[in-house]
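Report on one structure; see the data block that follows.
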Amino acid sequence: MSKRKVFGFAGVFLLVAGILLMPASIVRASEKEAEKSDEGILQQTVKAAEIKEEPDKDSKTLASLEKGTAVIVYGEPEDSFCRVESRGIEGYMESSVLELYQAEGEGLEAEQVQNLEQEFQSVEEDTLRTVDEYELLQKEKKASRIWGAVIAVMVVVIFVVGVVSALKQSREKEEDE
């Protein structure tokens, strides 16, 4: 077998191996991007507090909240910090400044009830929008993987057809000589 054929086969092998391993690496990367989702619990601040970028007192402040501000708390507290969301801002807050959300006074006035209903509706709309965006992103990733696999298979088929054609021509030349 000539050196040219050996290098040709080695090149084909490396190309096919690279193409076949590429979708697996894409899947692994997308798995790492998957986010942990927990059910949220409505709580409120017991004093003025800050939403931090990281679960650390020295971390960058994303928002400052007044006493009694409603927040959604996700998961269990870790290292005295909770993952929270308020008014579309997600971050971390010290768990010591949070308590279950309670309406003040015995009876709520109509305006307070309406404000509370609007806040819940706003949170629900934001949550639904986030879920829709996440589902769309997952569909796009799936379609991307499928098209990547289709393209990889097509490239391999075209390459194999080219190699077979070149070998066939090589045999025909040898037979003619």
Side-chain angles (χ1 to χ4, degrees), residues 1-43 51-56 59-63 65 70-79 81-93 95 98 101 117-175:
M1 193 178 265
S2 71
K3 287 184 180 180
R4 186 176 184 180
K5 287 183 182 178
V6 171
F7 285 119
F9 286 121
V12 169
F13 176 76
L14 290 174
L15 180 65
V16 170
I19 290 172
L20 292 177
L21 293 176
M22 181 178 59
S25 64
I26 292 172
V27 169
R28 272 188 246 113
S30 67
E31 287 172 354
K32 289 179 183 178
E33 294 173 1
E35 292 184 18
K36 177 182 154 187
S37 63
D38 299 321
E39 192 172 313
I41 298 173
L42 185 62
Q43 295 193 9
I51 297 178
K52 299 288 192 174
E53 188 172 49
E54 299 292 328
D56 183 3
S59 180
K60 177 183 173 186
T61 300
L62 300 176
L65 305 178
V71 297
I72 299 174
V73 178
Y74 297 99
E76 295 295 318
E78 293 181 23
D79 298 329
F81 278 86
C82 296
R83 187 168 58 99
V84 299
E85 177 183 351
S86 179
R87 298 181 183 128
I89 299 171
E90 294 184 36
Y92 296 87
M93 183 177 285
S95 56
L98 296 170
Y101 189 87
E117 286 175 354
Q118 287 175 347
E119 188 172 347
F120 276 119
Q121 184 177 3
S122 173
V123 168
E124 182 180 8
E125 289 171 359
D126 288 346
T127 302
L128 290 175
R129 190 176 320 111
T130 302
V131 168
D132 289 343
E133 289 172 359
Y134 178 78
E135 288 175 351
L136 181 61
L137 180 64
Q138 292 304 314
K139 287 179 184 178
E140 289 173 357
K141 285 181 182 179
K142 183 178 180 181
S144 176
R145 285 193 300 264
I146 290 171
W147 279 110
V150 168
I151 291 170
V153 168
M154 290 177 67
V155 167
V156 169
V157 169
I158 291 170
F159 193 74
V160 168
V161 168
V163 169
V164 169
S165 176
L167 290 173
K168 193 173 186 180
Q169 287 179 353
S170 175
R171 285 187 188 153
E172 288 175 359
K173 281 185 181 179
E174 287 177 3
E175 289 176 3

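Listed here is the closest heavy atom pair of V84 and M93: CG2-CB, 3.9 Å. Nearest heavy-atom pair across I89 and A63 is CD1-CB, 3.7 Å. Closest approach of L65 to R87, counting heavy atoms only: CD2-NH1, 3.9 Å. Nearest heavy atoms, E85 versus Y74: OE1-OH, 2.9 Å. Minimum interatomic distance between S86 and I51 (heavy atoms only, all atoms of both residues): CB-CD1, 4.0 Å.
Under the side chain to side chain contact (heavy atoms under 4.5 Å, CB included) criterion, V123 pairs with I72, T127, sequence neighbours left out. Partners of T61 by side-chain hydrogen bond (donor to acceptor under 3.5 Å, both in side chains), not counting sequence neighbours, listed by chain and number: E50, K52. Applying the salt bridge (charged side-chain N to carboxylate O under 4.0 Å, His left out) criterion to D126, with sequence neighbours excluded, gives R129. Taking Q118 as the reference, nothing meets the side-chain hydrogen bond (donor to acceptor under 3.5 Å, both in side chains) condition, with sequence neighbours excluded. The side-chain hydrogen bond (donor to acceptor under 3.5 Å, both in side chains) search around E135 returns none, not counting sequence neighbours. For Q43, the side chain to side chain contact (heavy atoms under 4.5 Å, CB included) partners are I41, V71, V73, L98, L100, not counting sequence neighbours.
Residue I158 holds its CD1 atom at 13.0 Å from OG of S165, rounded to the nearest 0.5 Å. The CD atom of Q138 sits 10.0 Å away from the CD atom of E140 when rounded to the nearest 0.5 Å. To the nearest 0.5 Å, the span separating CG on D56 from CZ on F81 amounts to 6.0 Å. Note that CD of Q121 and CD of E124 are 7.5 Å apart. Values are rounded to the nearest 0.5 Å.
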field: From CA spacing to verdict: side-chain contact (heavy atoms from CB on, under 4.5 Å), L136, D132
entry: CA-CA 6 Å; L136 181 61; D132 289 343; over 6 Å; no

